[in-house]
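Encoded as structure tokens, the structure appears first; notes follow it.
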Amino acid sequence: MALWGGRFEVGVATSTQEFGASLPVDKHLYREDIAGSKAHAAMLACQGIISDADALAIRDGLDAIKEDIEAGAFTFSVDDEDIHMAIESELTRRIGEAGKRLHTGRSRNDQVATDTRLAAKHLAGQLMEATLKLGRVLVETAESHSGAILPGYTHLQHAQPVLLAHHLLAYSWMFKRDFDRQKNAFDAADACPLGAAALAGTSYPLDRRMTAFELGFTGVIPNSLDAVSDRDFLLDLQYACSVCAMHLSRLAEEIVLWSSSEFGFITLSDAYSTGSSIMPQKKNPDFAELIRGKTGRVYGNLMQLLVTMKGLPLAYNKDLQEDKEGMLDSTHTLLQCLDVMAGMISTATFNEDVMRRACDRGYLAATDVADYLAKRGMPFREAHAVVGHLVLVCEKRGCDLVDLTSEDFKQASNLFGDDIAGALDIESIVAARTTEGGTSPKAVAQQLKLCRTAIVAAEAMLELVHTHDAMNR
Ligand code: ARG
């Protein structure tokens, strides 16, 4: 009979027992459950609700159970519906009477909400660490290729030349925002539901602030109904995961393109590529593709939780049990993706000469030629048309703008002088884009400084998060 079996005449059917159980998923939350129970028992004793001797027996019993779980010496029984029941019934088997007093002034409803929040905080911290690591790799890669130039694209067509460092730093900003979103998710989980009990609070003189503090929470949730039924913090975490997965997927897509023979901009390390079972020549960017592919399941988990939460009346409903699998899956998936991406980038070879040669195709200088005319008095719109015509001439001759003679230019407009060659030089084009946030080496060096500062700030933030979290591990 289950721990709640008092008012039942027969036990649940085997099929419903299995259907209703969450143990296969929430057993991963054993650390959080034990930390929550230890804090609760200590508070009960402080408030004179249970004896100090009982609280000590509970604490030692829980520590021993934790050790056994970690040593693989704990057998979970199918009779236990969830991790809360599994640990409580084992505790009672081990220490007797005192174990039965642990659940005083508590319900599994505030217990599971507490465990889940602790787990969400821990996972958010891990994601922050992995995201920061990838950010660092991108910044370091940008720094070590500071002179490389490649075509910048719009619509996947050659547009204007940009520094490789500039391109890579664009991703580092995405991951900086992901880090912030992960921290937001950490903060959203950072309030303690314990003491809400089943839904309405309890008549025992609990000290909610004590348990909250003990568990590293910043405060308590002010409404008991909200405390047991809110899962917004998981939606925040899932959303943070989804956006980060999207950024990884975009970067992965560029890696797939760049490593193709058409582009040839990068060569992946063998350690981050696979071969084909039939085509001996193949070297495939499987892991970049897989990162792109995993995005789907992360989005799926966000959508699943949104739909699960929709229309739930207050307060606890068993539907809420469906909240943890997606959290574990999305965070685990993303941690792997972040790690693989960091390794893939840091071991890749960036073929600077191939990138530079690609800049000689696709009329990358066209905007600058138009600017040349506009700076000599021609309205930009007219200049645009003149250069458009020159591009057409090139198309017909099968050449690029650099191959045109100064006669060709002068024929198109008498504003062109012999110095037009300067406007066609890729390095000068890049160097001229000095706007704040632009692609000139000077502006990119400024940007790198900002990135470095952001990384230092993120490191400090992460340390704070880890200190909080260490309390419950
Ligand atoms: N296994 C449950 C869950 O994950 C724990 C809470 C159960 N509460 C209850 N009243 N049935 O949500």
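Order of appearance sets the numbers: ligands from 1, and atoms from 1 within every ligand.
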Return a yes/no value for H84: is any of its N or O atoms, backbone included, closer than 3.5 angstrom to an N or O of ligand 1? no
Taking only non-hydrogen atoms of Q321 and a 4.0 Å limit, the atoms of ligand 1 in range are 1 (N), 2 (C), 3 (C), 4 (O), 12 (O)
Ligand-residue contact atoms, ligand 1 with R108, heavy atoms, under 4.0 Å: 6 (C), 7 (C), 9 (C), 11 (N)
May I ask you to identify, for D323, whether its side chain, its backbone, both or neither come under 4.0 Å of ligand 1 on a heavy-atom basis? neither
Taking atom types as modelled and ignoring hydrogens, do the side chains of H247 and R250 form a donor-acceptor contact shorter than 3.5 angstrom? no
Numbering the atoms of ligand 1 from 1, which are under 4.0 Å from a heavy atom of K324? 3 (C), 4 (O), 12 (O)
State whether the number of non-hydrogen atoms from other residues, nucleotides or ligands found under 6.0 Å of F74 atom CZ is greater than 12. yes
Indicate yes or no for a side-chain donor-acceptor contact from Q126 to the backbone of L335 under 3.5 Å, with no hydrogens or angles considered. no
Protein heavy atom at shortest distance from atom 10 (N) of ligand 1: N109 OD1, 3.1 Å
At under 4.0 Å between heavy atoms, what of Q111 touches ligand 1? The answer is neither
Donor-acceptor side-chain pairing of H40 and Q111 below 3.5 angstrom: no
Using distance alone, with no hydrogens and no angle criterion, decide if S144 and E140 have a side-chain donor and acceptor under 3.5 Å apart. no
Taking both backbone and side-chain atoms of D82, is any N or O found less than 3.5 Å from an N or O belonging to ligand 1? yes
Is it the case that over 12 heavy atoms from other parts of the model lie below 6.0 angstrom from the CD atom of E289? yes
Any N/O of Y316 closer than 3.5 Å to an N/O of ligand 1? yes
Using modelled atom types only, decide if a donor and an acceptor are shared between the side chain of R181 and the backbone of F175 within a distance under 3.5 Å. no
